[in-house]
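Structure first, then comments.
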Amino acid sequence: MTKALERREKLRVDLIRAAEQMIAERGLSGLKTRDLAREIGCANGAVYNLVTDVDELVLRVGSRTLHRLDEALSAAESTGDPSPHETLVRIAIAYCDFAAENLELWRALFEHRMAADKILPDWSVNDQLQLFRHIYHPLALLLPERGQEELGITARSLFSAVHGMVALGLEQRLVAVPLPALRKEIAGLVRAMIDGLVARAE
């Protein structure tokens, strides 16, 4: 790699890290390319020599967030009672804790909107889909008679229920729920859903 390419790659990494820090501090709406350029020491227009556009920059930051979330879910999955019931509960609580600890970066995953005619890059889609394995595998043990497609739908439904509770519970408004209470309610929801799914299967 030439020195020019090395410098460009370093600037690109610096840009993504600076954008990550800016979103963490200001939220997605506070992301400004002019401020980023100043932070990493380049001209404002040079930002678009490092990434295609703001969409790519936000997705690159999102990729870093998703990889850290993946690590948090993997840690929860491998610690404690190995039963699929309790594994799913730990994963749900770990998701809640990650969201609370990385609130603006987590929100940015869902707040970012691309133009209707823009296609999400394969690498970004893969980053998102990889996370569902944490839910899919325990469900497959609990519901062995279900096919792959049906398990996938059930995994997404379970995620949607937990995500909804987290999103509303962490809102800093009237619907806000104290984190200890939110964690307890999420655990109860997941156990109730799993018990119901297993009972129906039997």
Side-chain angles (χ1 to χ4, degrees), residues 1-76 91 94-135 156 159-160 162-177 179 182:
M1 185 182 291
T2 66
K3 291 201 174 189
L5 287 174
E6 284 179 0
R7 183 175 184 280
R8 180 184 181 280
E9 183 57 28
K10 180 183 182 305
L11 268 178
R12 184 172 177 277
V13 171
D14 289 346
L15 173 67
I16 294 168
R17 287 177 176 166
E20 181 179 50
Q21 186 64 32
M22 192 172 290
I23 292 172
E25 293 174 357
R26 306 181 185 177
L28 185 58
S29 63
L31 184 67
K32 308 296 180 188
T33 57
R34 189 176 300 278
D35 292 347
L36 289 173
R38 188 183 308 115
E39 178 73 21
I40 67 172
C42 74
N44 190 40
V47 167
Y48 299 106
N49 293 326
L50 303 173
V51 290
T52 306
D53 52 25
V54 174
D55 282 332
E56 184 191 348
L57 180 57
V58 173
L59 290 175
R60 293 291 179 187
V61 172
S63 181
R64 289 171 59 86
T65 303
L66 290 171
H67 282 299
R68 289 193 300 111
L69 174 57
D70 192 24
E71 289 174 356
L73 298 183
S74 293
I91 288 169
Y95 179 77
C96 176
D97 289 345
F98 182 90
E101 292 162 11
N102 303 272
L103 190 56
E104 294 300 341
L105 289 167
W106 172 78
R107 281 176 172 162
L109 294 171
F110 304 96
E111 290 176 357
H112 178 239
R113 295 287 184 272
M114 294 173 57
D117 59 345
K118 289 189 75 172
I119 298 173
L120 202 61
D122 289 343
W123 57 264
S124 182
V125 173
N126 187 59
D127 284 344
Q128 296 173 37
L129 293 179
Q130 278 294 313
L131 292 173
F132 280 98
R133 76 184 189 280
H134 296 291
I135 309 172
R156 291 193 292 276
F159 166 76
S160 296
V162 171
H163 174 76
M165 286 191 71
V166 173
L168 289 174
L170 294 180
E171 279 292 329
Q172 295 168 6
R173 297 175 186 157
L174 291 177
V175 292
V177 178
L179 188 58
L182 181 58

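Please read these numbers as outputs of a predicted model, since none were measured by experiment.
With respect to the salt-bridge test (charged N to carboxylate O, under 4.0 angstrom), the residues E6 and R12 do not qualify. In this structure, E104 pairs ionically with R107, as a charged nitrogen and a carboxylate oxygen lie closer than 4.0 Å. For the pair R26 and D35, the salt-bridge criterion is met [side-chain N within less than 4.0 Å of a carboxylate O]. For the pair D127 and R60, the salt-bridge criterion is not met [side-chain N within less than 4.0 Å of a carboxylate O].
Around CG of L129, the count of heavy atoms belonging to other residues, nucleotides or ligands within 6.0 Å exceeds 12.
At least one donor-acceptor pair under 3.5 Å links the side chain of S160 to the backbone N or O of R156. The main-chain N or O of L105 is never found under 3.5 Å from a side-chain atom of N102 such that the two would form a donor-acceptor pair.
Separating the CE atom in M22 from the CG atom in L57 is a distance of 9.5 Å, to the nearest 0.5 Å. Rounding to the nearest 0.5 Å places OH of Y48 at 9.5 Å from CG of L15. Interatomic distance, CE of M165 versus OH of Y95, reported as 13.0 Å (0.5 Å rounding). To the nearest 0.5 angstrom, L73 atom CG is 6.5 Å from L131 atom CG. Interatomic distance, S74 OG to L69 CG, rounded to the nearest 0.5 Å: 9.0 Å. Distance CG/L36 to CG/L31: 5.0 Å, rounded to 0.5 Å.
When each of D53, N44, V51 is paired with T33, the side-chain contact (heavy atoms from CB on, under 4.5 Å) condition holds for N44 and for no other.
When side chains are defined from C-beta on, C42 does not count as touching N49, because their heavy atoms never get closer than 4.5 Å. Inter-residue side-chain proximity for V58 and M114 is flagged as unmet; no heavy-atom pair is nearer than 4.5 Å. When side chains are defined from C-beta on, N126 does not count as touching W123, because their heavy atoms never get closer than 4.5 Å.
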Take L59 and L120 through the test side-chain contact (heavy atoms from CB on, under 4.5 Å) and record every step on the way to the result. CA-CA 9 Å; L59 290 175; L120 202 61; 3.9 Å; yes
Taking it one step at a time, do H134 and D70 satisfy side-chain contact (heavy atoms from CB on, under 4.5 Å)? CA-CA 9 Å; H134 296 291; D70 192 24; 2.5 Å; yes
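Between H163 and F159, the ring-plane angle classifies as parallel under the 30° and 60° cut-offs.
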